[in-house]
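Here's the structure, in structure tokens; my notes come after.
Each ligand, and each atom within it, is numbered from 1 in the order the structure gives.
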Amino acid sequence: MHISTLRDQFPALTPPAAIYLDSAATAHKPQVVLDAIQDVYRHSANVHRGTHKQSADLTTRFEQARVDVQHFLHARYPQEIIWTRGATEALNLIAQSYARSQLQQGERILVSEMEHHANIVPWQMVAEQTGAELVKIPMLADCTIDMDAYHQLLAQGAALVAIAHVTNVTGTRLPIEEMISAAHAAGAVVVVDGAQGIVHESVDVQALDADFYVFSGHKLFGPTGIGVLYGKKALLDAMPPWHGGGKMVERVSFAGTTYTDLPGKFEAGTPNIAGAIGLAAAINWLQHLDRAAIEAHLHQLTDKAICALSQLDDVRILGRQANSSTFSFVIDGVHYQDIAMLLDQQNIAVRAGTHCAHPLCDALNVAGTIRVSFALYNTEQDVDHFIAAMIKACDLL
Ligand SMILES: Cc1ncc(COP(=O)(O)O)c(C=O)c1O
């Protein structure tokens with residue numbers, strides 16, 4: 001495999017496309033994913049409903065997509081894979097079904113300070129509903145988690161721990177293995193937000209012993225509007241349904257309703273069929289690539305960009321992480337939006353702002369950052385163009 005041949009598989013990169021350094025927001029899609037989505041709509045039918053062949057065939061493909069995700073995550077059972085709209089919906093599902101039914105007044109939910117709002121706000125909402133207490137696991141100045149504080153917080157008691165696998169602003173990889181085993185020793189259930197982490201590592205949920213692991217399809221080269229909630233079967237079995245409607249029921253009468261087993265219990269209504277099959281296409285495509293070589297390439301691009309940026313006056317890299325494909329920086333005294341705009345004028349797409357992570361920005365004492373994130377289709381030339389554009393932007397500022 002050569003990176004330049006991979007690039008050709010992404011129609012969104014056909015010239016004169018921008019130099020895309022915003023893959024942590026969403027990744028471009030390879031042609032195989034576009035084909036898989038189009039193919040579903042070409043033979044359109046609903047799933048789990050019709051007695052006709054078209055519906056039966058599509059149902060088989062839809063359920064095969066679930067099995068593909070099961071194998072991708074090394075989950076024990078396909079029923080442990082629940083389709084959602086994305087990581088956000090999966091986290092809300094856990095909060096409203098698991099946490100709302102389990103948490104007691106005064107019990108503690110530990111959430112890291114480095115989280116995306118999707119892994120903070122659902123816990124705040126359920127804390128209000130149940131009387132549970134939300135407690136922050138602080139981060140250190142180098143944008144890593146404060147493990148001493150974490151162990152102390154666990155010792156004071158916790159019912160649930162919610163942490164990112166990899167953070168979206170600084171690309172910090174949390175020591176989730178150690179955090180999960182410490183949480184379990186303290187009797188807490190652990191939710192891992194894998195929205196960024198799954199893109200860069202192969203994940204084995206059984207080896208990790210994660211109770212819940214969630215991610216979105218669109219950051220993993222799949223479609224938008226599809227995501228995955230993995231949960232241990234025993235936990236999911238005991239959880240009440242969240243959304244009500246068709247296909248999640250066994251029998252409905254005005255006297256009461258009984259629900260189907262997993263995974264249908266959590267999948268009310270017509271699902272995102274093309275999304276699930278498109279995501280499976282992305283996963284199957286990714287699994288045939290040399291992921292270790294891709295990661296080495298991404299780390300090289302990150303190192304090259306950071307090294308060149310650091311030569312520029314007043315540029316401050318925030319919490320540089322080793323082996324990352326994402327980093328954030330600021331130029332003191334210059335608004336992040338102005339830099340992003342000057343880069344955009346030179347056809348370079350970066351993300352500027354608070355990245356749905358206000359607490360992290362507060363902890364770093366910055367109003368916002370410019371974030372650069374690489375994916376497997378980026379090249380050394382992309383970094384050269386970015387640096388040249390930054391030099392020009394700095395001259396203009
Ligand atoms: C770490 C992290 N968690 C959660 C999310 C939310 O993902 P989505 O908007 O696809 O639900 C994101 C998206 O940027 C993210 O980076």
**Prompt:** Got a salt bridge between Glu113 and Lys136, using NZ or NE/NH1/NH2 to carboxylate O under 4.0 Å?
**Reply:** yes

**Complete:** For ligand 1, protein residues within the heavy-atom limit of under 4.0 Å are Ala87, Thr88, His116, Ala118, Asn168, Asp193, Ala195, Gln196, Ser216, His218, Lys219

**Message:** Are Asn272 and Trp83 packed together at the side-chain level, in the sense that at least one heavy-atom pair is separated by less than 4.5 angstrom?
**Reply:** no

**Request:** Working to the nearest 0.5 Å, report the span between CZ of Phe215 and NE2 of His165.
**Result:** 12.5 Å

**Asked** side-chain hydrogen bond (donor to acceptor under 3.5 Å, both in side chains) between His200 and Asn323: does it pass, once the steps are laid out?
**Response** CA-CA 10 Å; His200 300 289; Asn323 302 331; over 6 Å; no

Identify every side-chain donor-acceptor pair in residues 12-21 under 3.5 Å, counting partners at least two apart or on other chains, and give the distances.
residue, atom, partner, partner atom, Å
Thr14, OG1, Pro11, O, 2.7
Tyr20, OH, Asp22, O, 3.1
Tyr20, OH, Thr26, O, 2.7

**Prompt:** What do the steps show when you test Glu63 against His48 for side-chain hydrogen bond (donor to acceptor under 3.5 Å, both in side chains), and what is the final call?
**Reply:** CA-CA 10 Å; Glu63 287 306 322; His48 292 301; 2.7 Å; yes

